[in-house]
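Some notes on the structure that comes next.
Side chains are part of it too, since the values below use all heavy atoms of this structure and drop only hydrogens, waters and symmetry mates.
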Amino acid sequence: MNLSAEAFHPFHVSSTDINYNSKTSTLEVSCRIFTDDFELALAEAYNVKTDLSSEAKHKAMDILVKKYVLSNMSFRTPQKTLALNYLGFERDNEATIVYLESEPSPGLKKVETTNSVLYDQFDDQSNIMHFSGNGKRKSHKLDYPNRKIVTEL
């Protein structure tokens, strides 16, 4: 385990906001992850040196971020798994925010979410999920090793 990351913040947590946009029938997703933890996960997963704050490396990091997040997060309706479009990432202080958007799913009422972001790094990882849609807001906390939740909107 990375002791400097542990000393910097003793909690391993990500926060994901999922908004169901009824006009476009899509899920708009933003996932906030501590940058030092995320860089460690990317470096170990892909055996490369990572730097999410470097403008010069942004394109190369974009490829890794997309691959990692899409392999660790998914959304499924009762009918099918929703395709996700990776929109990009940006740094915000100690965090990296990753943006995704799902394919349209008109009339979405129920979604199963799988989120295992940073589970490959920390056995005390928690992923907080906030869902908004159809006039409702619901929050869930996934603690390692739990990966799936079902939300009715």
Side-chain angles (χ1 to χ4, degrees), residues 1-22 25-48 50 52 61-105 107-153:
M1 187 182 300
N2 183 339
L3 294 178
S4 63
E6 188 174 65
F8 182 68
H9 56 264
F11 301 104
H12 299 111
V13 65
S14 78
S15 176
T16 303
D17 290 311
I18 301 113
N19 178 55
Y20 179 65
N21 183 329
S22 57
S25 299
T26 59
L27 292 174
E28 301 166 336
V29 181
S30 63
C31 183
R32 181 180 291 269
I33 307 165
F34 279 114
T35 300
D36 56 343
D37 294 343
F38 198 22
E39 286 178 338
L40 178 65
L42 293 171
E44 289 189 10
Y46 305 112
N47 200 27
V48 296
T50 57
L52 295 171
M61 295 297 100
D62 220 27
I63 293 166
L64 300 181
V65 169
K66 176 182 180 178
K67 187 174 180 181
Y68 184 87
V69 172
L70 292 179
S71 67
N72 285 284
M73 189 176 294
S74 66
F75 300 92
R76 178 166 179 73
T77 70
Q79 295 76 31
K80 66 176 181 170
T81 298
L82 297 175
L84 292 173
N85 181 27
Y86 172 78
L87 303 175
F89 79 90
E90 67 179 343
R91 285 287 313 275
D92 182 32
N93 297 318
E94 301 93 29
T96 296
I97 306 170
V98 180
Y99 300 98
L100 307 165
E101 185 176 49
S102 76
E103 68 179 301
S105 183
L108 184 67
K109 300 279 187 237
K110 186 176 185 178
V111 63
E112 176 186 271
T113 304
T114 301
N115 184 344
S116 59
V117 167
L118 296 185
Y119 280 13
D120 52 345
Q121 290 302 310
F122 306 108
D123 60 7
D124 63 345
Q125 178 69 28
S126 293
N127 293 324
I128 311 286
M129 312 286 290
H130 302 287
F131 290 85
S132 300
N134 302 326
K136 298 178 186 174
R137 180 172 164 88
K138 295 186 177 184
S139 295
H140 306 278
K141 182 177 162 213
L142 286 172
D143 292 320
Y144 177 89
N146 298 321
R147 299 168 186 269
K148 293 185 181 193
I149 52 152
V150 175
T151 304
E152 295 194 32
L153 295 175

- request: Check the angle between the aromatic planes of Phe131 and Phe75 and answer parallel, tilted or perpendicular using the 30° and 60° thresholds.
  value: perpendicular
field: Trace of the side chain to side chain contact (heavy atoms under 4.5 Å, CB included) decision for Leu70 with Leu100
entry: CA-CA 9 Å; Leu70 292 179; Leu100 307 165; 3.9 Å; yes
message: Using modelled atom types and a 3.5 Å cut-off, is there a donor and acceptor pairing between side-chain atoms of Glu90 and backbone atoms of Ile97?
response: no
query: With side chains defined as the heavy atoms from C-beta onward, is the minimum distance between Ile18 and Met129 less than 4.5 Å?
result: yes
- prompt: What residue among Ser116, Ser14, Ser15 forms side-chain hydrogen bond (donor to acceptor under 3.5 Å, both in side chains) with Asn127?
  reply: Ser14
- prompt: How close do Ala41 and Leu118 get, heavy atom to heavy atom, and via which atoms?
  reply: CB-CD2, 3.5 Å
query: So how far is it from Met61 CE to Thr96 OG1, rounded to the nearest 0.5 Å?
result: 11.0 Å
Within 6.0 Å of CG in Asn47, more than 12 heavy atoms from elsewhere: no
- prompt: Which is it for Arg91 and Leu52 under the side chain to side chain contact (heavy atoms under 4.5 Å, CB included) test, yes or no, and what are the steps along the way?
  reply: CA-CA 7 Å; Arg91 285 287 313 275; Leu52 295 171; 4.2 Å; yes
statement: Rounded to the nearest 0.5 angstrom, the CG-CZ distance for Asn93 and Arg32 is 8.0 Å
- prompt: Between Ser126 (side chain) and Val13 (backbone), is there a donor-acceptor pair under 3.5 Å?
  reply: no
message: Taking the side chain as everything from C-beta on, heavy atoms only, tell me whether His140 gets closer than 4.5 Å to Ile149.
response: yes
query: Do any N or O atoms from the side chain of Tyr20 and from the backbone of Leu108 form a donor-acceptor pair under 3.5 angstrom?
result: yes
query: For Leu82 and Ser105, which heavy atoms make the closest approach, and how far apart are they?
result: CD2-CB, 3.8 Å
- request: Would you mind reporting whether Glu101 and Leu84 have side-chain heavy atoms less than 4.5 Å apart?
  value: no
- request: Using modelled atom types only, decide if a donor and an acceptor are shared between the side chain of Arg137 and the backbone of Ser139 within a distance under 3.5 Å.
  value: no
NZ/Lys138: more than 12 non-hydrogen atoms of other groups inside 6.0 Å: yes
- request: Might you work through the side chain to side chain contact (heavy atoms under 4.5 Å, CB included) test for Ile33 and Cys31, ending with a clear yes or no?
  value: CA-CA 6 Å; Ile33 307 165; Cys31 183; 3.7 Å; yes
field: Atom of Arg76, atom of Thr81 and distance for their closest heavy-atom approach
entry: NH1-N, 2.8 Å
- request: Would you indicate whether the side-chain heavy atoms of Lys67 and Tyr46 approach each other to under 4.5 Å?
  value: yes
- prompt: Would you say the side chain of Phe89 lies within less than 4.5 Å of the side chain of Asp62, judging by non-hydrogen atoms?
  reply: yes
query: Please walk me through it: do Phe38 and Tyr68 pass ring-ring contact (aromatic ring centres under 6.0 Å, His included)?
result: CA-CA 10 Å; Phe38 198 22; Tyr68 184 87; 5.7 Å; yes
query: side chain to side chain contact (heavy atoms under 4.5 Å, CB included) between His12 and Asp37: does it pass, once the steps are laid out?
result: CA-CA 8 Å; His12 299 111; Asp37 294 343; 3.5 Å; yes
message: If I take atom CG from residue Asn19 and atom CD from residue Glu28, how far apart are they, to the nearest 0.5 angstrom?
response: 5.0 Å
field: Note, Asn115 side chain near Arg147 side chain (heavy atom, < 4.5 Å)
entry: no
task: With rounding to the nearest 0.5 Å, note down the distance linking OG in Ser30 to CG in Asp92.
output: 10.5 Å
- prompt: Quick one: are Leu42 and Glu44 in side-chain contact, heavy atoms under 4.5 Å?
  reply: no
query: Is a side-chain donor or acceptor of Thr77 paired with a backbone partner of Lys80 at a separation under 3.5 angstrom?
result: yes
pair Val65-Tyr86: side-chain heavy atoms closer than 4.5 Å: yes
